[in-house]
Every structure is written in structure tokens, then in C-alpha cells.
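Note: hydrogens, waters and symmetry copies are ignored here, and every other heavy atom, side chains too, is used. In this chain, numbering begins with 1 at the start of the sequence shown.
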Amino acid sequence: MQPRVFAILTAFLLGVLGLGSVAVTDWTPAPVTAATGAPGAPAPGSAAPPAGTPAAATPTGDPAVWTRSTLRNKVMAEMEQSDPGVALADLDKITKEKPYTVRFCHPIAHELGHAAVKRYNEDFQKVISFPHETCAAGYLHGAVEEMLNASKQPEVDLLKLCAPANKGACIHGVGHGTMFVAKQDVAAARALCNKFPGDTNKIRCSEGLFMQLFGPDEEDEKAKANLPADKIAADPLYPCPEQPALFQSACFFYAPTFYLSSHDYANHPEAFADALKWCLNGKASGGVTDCSRGVGSRTMKYNLDREDWAAQQCATAADASQRKACAEGLVSYYTVNYTDGGAAGRLCAKITNKEIQGYCRSAAGLSSTLD
């Protein structure tokens, strides 16, 4: 074939192929966010991706938007294929990269703990040999729950599980477990917590007890919340006012968890400010401060990717003491989630409201200014 003829034929074929590529290629531009200009990136300041967001796979095969079920399925599969340490490390990585997943990472970690106890035939020391601080020690809590649930003498074994160190996170986990043993009967669970010597450990246990009461894993039939509608109607902060003095603080602190979940906080962000008003129902029983601190803690937990917005919710409280308590709650959860020494300072630096920033720095033991 003559070179000229070959060149003409080659150009013709390339032209045909090029037109074919244009015809089969989707040239629709990727969605661009107004805030970042990045295709497909979630807008900063959103607590979580909006409902209905398509969960397209990323290059790694992970969904673009995690849901509780997709994240749970991923880490459970990783544990089955390897061990709890691998699953917990990945869970920790994902929650750090996608702060909105903190909303549901704790119960997922609980489930990993339950599964690990069964996998290692109730060898508790083996179960907790893996790093387990992820998601506020949810793995440890779930493991303790399962151990107590499987125990034939839970009232005896609950004192042995955390010994001899008796660390607070472990005893908190025992508190969760008492609710499983007591089948969500608060008085019966409280009696189990009272078996610990010393008020400090009883209080730690009560924290797990009331966290389990107000924020149970509703997908677990054994963990359904036992909060009768008629009791709540008569006293919005039920059952906190009727608790013994030693247990009231933890009860009031975790009560906002139930309020926020029952008011669909994910789709109704005004629920956080409304929760502070709701806490005023505790005036007669002296629970306003602990309740407000609990609102701050939950507000930060559910909005870790927008710290200043969370602080603004605290600023809506009409009373200064309530604003201060709410700010203390912000700091308490932030430092539980980010355990490094500089966490509190980073949080306070992001708060633009000067009053709330001051309360933040005071709660964190920092100087009153950023200088």
C-alpha cells in the first residue's frame, strides 16, 4: 500500500473511532458542591450526608456514604476474615475520616464485642487483648455485656471481669451489661451496680446502665428501651427524679439521648436547642445542669464535623449556667473521641462565640484566652 493511501486510511479510521468514543461516553458533568467546587464532595458543615444520597462506590470499593448497615457489615466481615483488631483499626480509621459515622460507630463496636466473646469461647482476656478504645470503648462494653449475659452467676462475675485494674471504661461496660442481665429493669440493674465497693465504681457502673437505657441498640430485641409513654408524659425526665441520689447524675446526663433520637435530630437540627429547653423540666429535681451537660455531649457526638455549629446550640440557652454546662459537655465528648492531649485546645479554637469559647477553655483547664 502506498504511504499516502495508508495515511489517509489511518486518519479515516481514527476519526471513526473518535466519533464512536464521543457517542458512548457520558459527558454529563459530575455534581459540583457550592462550598468546595469539588465534584461529589459533601459540603462542609453538614452533620451527615442528606437522606437519599446515592452510595456510589469509591475506587477502594467502599461506599461514598456510609450507613450503619454498610459500615457494620464491612467490619463484621473483616473480623470474621481476620480478627477484632483488624476490624477495630479500620473502624477507627473510617470514623476519623468521616466524623458523621461517629453517630453509629459505638453500637457497631458493641456488636464486635459481642461477636468476639462468642468467637473466643468467653475467653475475656483474649477478647480484650486487642486495642479497644475505638468509638468510646464500645467493643469493650459489648464484650462485657455478652460475658454477663452468658454468666450463670452475673452478680458474682461482674466483680471479677474488670479486676484487678477496675478501670472506669470496663466498669462502665459492666453497667451496660447489668441492663442485659436485668432485661432493662432499672431497679434490678441498679442493684447489680450497687454490688461494687465504693461510690466511684457504683457511679461508673450507673453511667453504663443509663447509657444503655436511653440509647439502646434498637435492632437487638434484648436491648429495647423500657420507657413507657405514660411515664414520659407525666414526667419528661422519667425515671431520673426517682433514682437514688448516687445515680441521678448519670441518669440526667444520658436522658437527652432519648429526647434527641425521639425527635429525629438527624433531620431536625433544631432538636439540639430544643433539648436544652426540655432539660428545664429537671428544675424541681435539680437535674438541669447534668441534663444540659448531656445535651452538649450528644450535640458534639452527632456533629463532630461542625464543632462551631455545635457550640452555637449551647449559646441558645437562656441561662448562663446552662450554657456553661452545655459547653462542658462539648469538651467531655470531644476529648473522649479524640484522646490526644491537644484535642480540647483544637475544639476551643474553633468556637467563635466568645462566651462558649471561654467556658470551653475553662472546662479543658486552659487559660482564659487563646494567647
Side-chain angles (χ1 to χ4, degrees), residues 31 40-43 46-119 127 130 132-146 149 173 176 179-180 184 211-225 257-258 260-269 271 298 300-306 333 337:
S46 59
T53 301
T58 65
T60 64
D62 290 337
V65 176
W66 291 105
T67 64
R68 173 169 169 162
S69 61
T70 56
L71 184 53
R72 178 261 179 208
N73 291 344
K74 176 182 173 67
V75 297
M76 289 297 288
E78 288 176 336
M79 190 179 87
E80 291 174 8
Q81 294 164 8
S82 50
D83 60 49
V86 172
L88 289 165
D90 203 22
L91 182 60
D92 183 63
K93 177 175 178 288
I94 291 168
T95 55
K96 293 294 192 297
E97 292 175 348
K98 306 286 187 181
Y100 67 85
T101 59
V102 172
R103 289 180 174 179
F104 42 79
C105 75
H106 191 84
I108 291 174
H110 268 233
E111 192 167 352
L112 287 170
H114 282 276
V117 169
K118 294 174 182 176
R119 173 173 175 170
V127 170
F130 302 97
H132 49 254
E133 296 305 313
T134 297
C135 301
Y139 172 82
L140 173 62
H141 300 168
V144 174
E145 287 172 2
E146 187 62 32
N149 202 38
H176 282 270
M179 289 295 276
F180 278 74
Q184 295 297 93
M211 185 176 179
Q212 187 64 40
L213 173 67
F214 291 117
D217 181 355
E218 294 293 352
E219 295 178 10
D220 187 337
E221 288 298 324
K222 297 177 181 178
K224 294 289 187 182
T257 307
F258 180 76
L260 291 168
S261 63
S262 61
H263 286 76
D264 190 18
Y265 68 85
N267 294 306
H268 295 278
R298 300 306 91 177
M300 182 53 69
K301 178 176 181 176
Y302 303 146
N303 298 279
L304 269 169
D305 53 348
R306 48 177 185 174
Y333 190 82
N337 189 73

ask   = Could you state the interatomic distance from CZ (R119) to CG (L112), rounded to the nearest 0.5 Å?
value = 11.0 Å
key: Closest contact, heavy atoms only, L260 versus A271   = CD2-O, 3.7 Å
Closest approach of V75 to I108 (non-hydrogen atoms, all atoms of both residues) = CG2-CG2, 3.6 Å
ask   = With a 4.5 Å heavy-atom cut-off, do N337 and K301 have their side chains touching?
value = no
query = Which word best sums up how the rings of H110 and H176 line up, parallel for under 30°, tilted for 30 to 60°, or perpendicular for over 60°?
reply = perpendicular
inquiry  = Taking salt bridge (Lys or Arg N to Asp or Glu O under 4.0 Å) as the cut-off, I'd like each qualifying pair that reaches into residues 70-89, sequence neighbours left out, listed once.
reply    = D62-K74, R72-E111, K74-E78, K74-D90
task = Give the minimum heavy-atom separation between A143 and V117, together with the two atoms involved.
result = O-CG2, 3.5 Å
key: Y139 side-chain N/O to G85 backbone N/O, donor-acceptor pair under 3.5 Å   = no
ask   = In Å and rounded to the nearest 0.5 Å, what is the NZ to CD1 distance from K98 to I94?
value = 10.0 Å
inquiry  = Can you confirm if the aromatic rings of H114 and F180 lie within a centre distance of less than 6.0 Å?
reply    = yes
Pairwise distance CZ(R298) to CZ(F214) - rounded to 0.5 angstrom = 12.0 Å
task = Step by step, work out the side chain to side chain contact (heavy atoms under 4.5 Å, CB included) result for E145 and Q212.
result = CA-CA 10 Å; E145 287 172 2; Q212 187 64 40; 3.2 Å; yes
message = With side chain to side chain contact (heavy atoms under 4.5 Å, CB included) as the criterion, how do R306 and N303 come out once you've worked through the C-alpha distance, each side chain's angles and the decisive distance to 0.1 Å?
response = CA-CA 5 Å; R306 48 177 185 174; N303 298 279; 2.9 Å; yes
key: Separation of N73 CG from W66 CH2 (nearest 0.5 Å)   = 9.5 Å
remark   = Distance col, row M211:CE vs T257:OG1, nearest 0.5 angstrom, shows 7.0 Å
query = Are T134 and C105 close enough that some pair of their side-chain heavy atoms sits under 4.5 Å apart?
reply = no
ask   = Of T95, V102, T101, which meets side-chain contact (heavy atoms from CB on, under 4.5 Å) against L304?
value = V102
ask   = Which residues satisfy the side-chain hydrogen bond (donor to acceptor under 3.5 Å, both in side chains) test with K96, sequence neighbours excluded?
value = D92
message = Using modelled atom types and a 3.5 Å cut-off, is there a donor and acceptor pairing between side-chain atoms of R103 and backbone atoms of Y302?
response = yes
note = Of all heavy-atom pairs linking H106 and C135, the shortest is ND1-O, 2.7 Å
